[in-house]
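Worksheet for the structure shown next.
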Amino acid sequence: MTTNTITVSVRFFARLRESLDTDQLSLDMPAGSSAGQILEALALRGGNWSQLIDGAPVMLAVNQTMARPTTSLNNHDEVAVFPPVTGG
């Protein structure tokens, strides 16, 4: 049986965790959604959530592998959202 939705776990790190006041949430999305569409859906919540698309750049990982916004998601994937890391 094919389902029209997927459920993904979204984790936030560093400044995002603090400004969004959460470190993890579960999100239902249409099947075939991409990692970037997760950011868009969350940004629609307004307030601090809008920084996910309108603020400083963020990095994405899907199942602990660096990902692009176009990366397709599957049911029960874990999407990590974090600020770019700089070294010195």
Side-chain angles (χ1 to χ4, degrees):
M1 182 172 145
T2 310
T3 181
N4 293 330
T5 62
I6 59 173
T7 301
V8 295
S9 173
V10 186
R11 300 190 66 196
F12 303 96
F13 295 90
R15 67 172 167 77
L16 295 171
R17 178 178 54 220
E18 281 103 41
S19 67
L20 299 174
D21 198 29
T22 189
D23 63 346
Q24 183 172 342
L25 58 81
S26 181
L27 189 64
D28 292 328
M29 293 290 293
S33 291
S34 68
Q37 288 171 312
I38 295 287
L39 298 180
E40 293 169 5
L42 291 171
L44 290 175
R45 294 179 173 196
N48 286 342
W49 293 95
S50 64
Q51 72 180 307
L52 295 174
I53 58 171
D54 293 335
V58 297
M59 302 293 291
L60 298 166
V62 175
N63 300 326
Q64 300 182 3
T65 299
M66 294 302 295
R68 296 182 181 273
T70 56
T71 299
S72 295
L73 300 175
N74 296 301
N75 200 29
H76 305 297
D77 277 351
E78 178 188 78
V79 178
V81 184
F82 52 94
V85 178
T86 59

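Positions are given from 1, in the same order as the sequence printed here. Keep in mind the model is a prediction, meaning the values are calculated, not measured.
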I'd like to know whether Phe12 forms a side-chain contact (heavy atoms from CB on, under 4.5 Å) with Asp23, so could you lay out the CA-CA distance, the side-chain angles of the two residues, the decisive distance to 0.1 Å, and finally the verdict.
CA-CA 5 Å; Phe12 303 96; Asp23 63 346; 5.6 Å; no
[atom1]/[X] to [atom2]/[Y] distance, rounded to the nearest 0.5 angstrom?
| X | Y | atom1 | atom2 | result |
| --- | --- | --- | --- | --- |
| Asp28 | Asn4 | CG | CG | 12.0 Å |
| Met29 | Gln37 | CE | CD | 5.5 Å |
| Asp21 | Trp49 | CG | CH2 | 9.0 Å |
| Arg17 | Gln24 | CZ | CD | 11.5 Å |
| Phe13 | Met59 | CZ | CE | 13.5 Å |
| Ser9 | Leu27 | OG | CG | 10.0 Å |

Cluster overlap Leu44 with Val58, hydrophobic side-chain contacts below 4.5 Å:
no
Taking distance alone, no hydrogens or angles, what donor-acceptor pairs closer than 3.5 Å link side-chain atoms of residues 50-57 to residues at least two apart or in another chain?
from: Ser50; atom 1: OG; to: Gly47; atom 2: O; distance (Å): 2.8
from: Gln51; atom 1: NE2; to: Ser19; atom 2: OG; distance (Å): 2.6
from: Gln51; atom 1: NE2; to: Asn48; atom 2: O; distance (Å): 3.0

Name each donor-acceptor pair under 3.5 Å that joins a side chain in residues 73-84 to protein atoms two or more places apart or in another chain, with its distance.
from: Asn75; atom 1: OD1; to: Thr7; atom 2: N; distance (Å): 2.8
from: Asp77; atom 1: OD1; to: Asn63; atom 2: ND2; distance (Å): 2.9
from: Asp77; atom 1: OD2; to: Asn74; atom 2: N; distance (Å): 2.7

Residues passing the side chain to side chain contact (heavy atoms under 4.5 Å, CB included) test with Pro69, sequence neighbours excluded, are Leu60
